[in-house]
Amino acid sequence: MKINKLTLLNINSLKGKYIIDFEKNFSQNGLFLISGETGSGKTTILDAICIALYNKTPRLSSKSEIQYLMSIDSAICFSELEFEVNNILYKSYWGLKRAREKKDGNFQDVQMKLSCFKNNRWEAINGNKTQLLKKIENITHLNFDRFSKTIMLAQGSFDAFLKAKGKDKSELLEKITGTQIYKTISSKVYEKYKKRYNELDNLKKSIDETKLLTTSEIDNINQTIEIYKNSIIKIRKSINNIENSIVIKNNIEKYKNEINLLSKDLDNFK
C-alpha cells in the first residue's frame, strides 16, 4: 500500500483546507519527517489518514469521540485520501457535518465514499459505510489494528517501546508490530521439522538394518525364476492342447448328431 495524497478540511488543529501531495512533493526524497511544536497538527495528519480509511483513529474510535475531530467553530469537516495498491489508484472519503451546516447544529451521520481510478476517470464503488470499510480492508489487506501497528504506529506505543529495556522491549515490539504470530509459526515449523527429522532417522535405521543379498543368493533366485518361467511356458502349452482337444471333442459330438439325423432321413426315404 502506498499513500499518495491527503486532502483535509477542519480536522482538529488544522482548521481550513489542506492538501498534502506525498507523491508530488516527497517521492524523490525517500525519507521525510513530519515535525512541529505540540498542537501544530502532526498527529492530526495521521488521524486524517486513519479516519479516511477506517472511520476511526488510534485515539478516537466511538461515534461520540469521532465528533471531536471537527475543528472548533466549524460545521463541516472531511478527509480524503488517495492511495495505491498493486498499481491501482483508489480514493477514500470521510465526511462529517452539522445540521444545516450551522456551527451549533447537531452532528449528522458520517458519510463515506470510495472510488477507483479507471479509464482516466474516478469511478465510484457502491456500498454503504459498513460495506465500504470492508472493501477497504480487502483492498489493502489491512484491518485497522494491523494498519495502526505497521503503517501508522501510535505515539503512545512508540514512546513505551523507546523506554522499555531488554526482554520487555522485545515483547513490546512483538505486540506493536503483531510479529508474535511469527514466533508461533516458528514454533510450529520447528515441531514439524523435528517430527520429519525423527521419521527420516527411523528410515535410515531401517535401511541400515536391511540385509543385502550376496551374489550367490541372487544367482540362485534368478535360476529359480527361470525355472518357474519355463514351467509356466509348459503349462500354457498344456492348456492350449487341452483346449484344442475340447474343441475337437465338441466337433465330434456335433458331427455324430448330424450323422444320426442323416441316417434317419435315409431310412425314411427308403
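Ile49 pairs in a side chain to side chain contact (heavy atoms under 4.5 Å, CB included) with only one of the listed residues (Thr44, Ile20, Leu8, Leu6), which is Leu6.
Under the 3.5 Å distance criterion, the side-chain polar atoms of Asp201 are left unmatched by any main-chain donor or acceptor of Tyr197. No donor-acceptor pair under 3.5 Å is formed between the side chain of Thr57 and the backbone N or O of Asp47. With Asp21 contributing its side chain and Glu23 its backbone, the two residues share a donor-acceptor pair below 3.5 Å. For Ser71 (side chain) and Ser74 (main-chain N/O), no donor-acceptor pair under 3.5 Å exists by modelled atom type. Looking at Lys42, its side chain does come within 3.5 Å of a backbone N or O of Gly36 through a donor-acceptor pair. Within the 3.5 Å criterion, the main-chain N or O of Lys103 finds a donor-acceptor partner in the side chain of Arg98. At least one donor-acceptor pair under 3.5 Å links the side chain of Asn10 to the backbone N or O of Ile76. Under a 3.5 Å cut-off, the side chain of Asn86 and the backbone N or O of Ile88 do not form any donor-acceptor pair. Using a distance-only test at 3.5 Å, with no hydrogens or angles considered, no donor-acceptor pair links the side chain of Lys113 to the main chain of Trp94. A donor-acceptor pair under 3.5 Å links the side-chain atoms of Ser206 to the main chain of Asn202, judged by distance alone.
Under the 4.5 Å side-chain criterion, counting only non-hydrogen atoms from C-beta, Met70 is in contact with Phe107. Between Arg59 and Asn12 the shortest side-chain heavy-atom distance falls below 4.5 Å. At least one side-chain heavy atom of Met112 sits under 4.5 Å from a side-chain heavy atom of Asn55.
Within a 6.0 Å sphere centred on NZ of Lys97, other residues, nucleotides and ligands contribute 12 heavy atoms or fewer. Within 6.0 Å of atom CG in Leu200, more than 12 heavy atoms from other residues, nucleotides or ligands are found, so the atom counts as buried in its surroundings.
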Considering only distance and modelled atom types, tabulate donor-acceptor pairs under 3.5 Å from the side chains of residues 123-134, sequence neighbours left out.
residue : atom : partner : partner atom : Å
Glu123  : OE2  : Asn119  : ND2          : 3.3
Asn128  : OD1  : Thr130  : N            : 3.2
Asn128  : OD1  : Gln131  : N            : 2.8
Gln131  : OE1  : Asn128  : N            : 2.9

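Atom CD of Glu80 is separated from atom CD1 of Ile51 by 14.5 Å, given to the nearest 0.5 angstrom. The distance from atom CZ of Phe78 to atom NZ of Lys17, rounded to the nearest 0.5 Å, is 5.0 Å. To the nearest 0.5 Å, the span separating SG on Cys77 from CG on Leu96 amounts to 4.5 Å. Taking CD of Glu82 as the start and CH2 of Trp122 as the end, the distance is 4.5 Å to the nearest 0.5 Å. In this structure, CD1 on Ile246 lies 11.0 Å from CG on Asn241, to the nearest 0.5 angstrom.
At a threshold of 4.0 Å, the pair Glu199-Arg196 counts as salt-bridged, since one of the basic side-chain nitrogens sits closer than that to a carboxylate oxygen. A salt bridge links Asp109 with Lys63; the closest basic N to acidic carboxylate O contact falls under 4.0 Å. Ion pairing between a basic and an acidic side chain is recognised when a charged N comes within 4.0 Å of a carboxylate O; Lys195 and Glu191 show no such pairing.
Aromatic ring orientation, Phe83 versus Tyr90: parallel (interplanar angle below 30°, classes split at 30° and 60°).
Judged as a side chain to side chain donor-acceptor pair (under 3.5 Å), and not counting sequence neighbours, Ser245 has no contacts.
Taking Ile, Leu, Val, Met, Phe, Trp and Tyr as hydrophobic and joining them when side-chain heavy atoms fall under 4.5 Å apart, one finds Ile235 in a cluster with Ile239.
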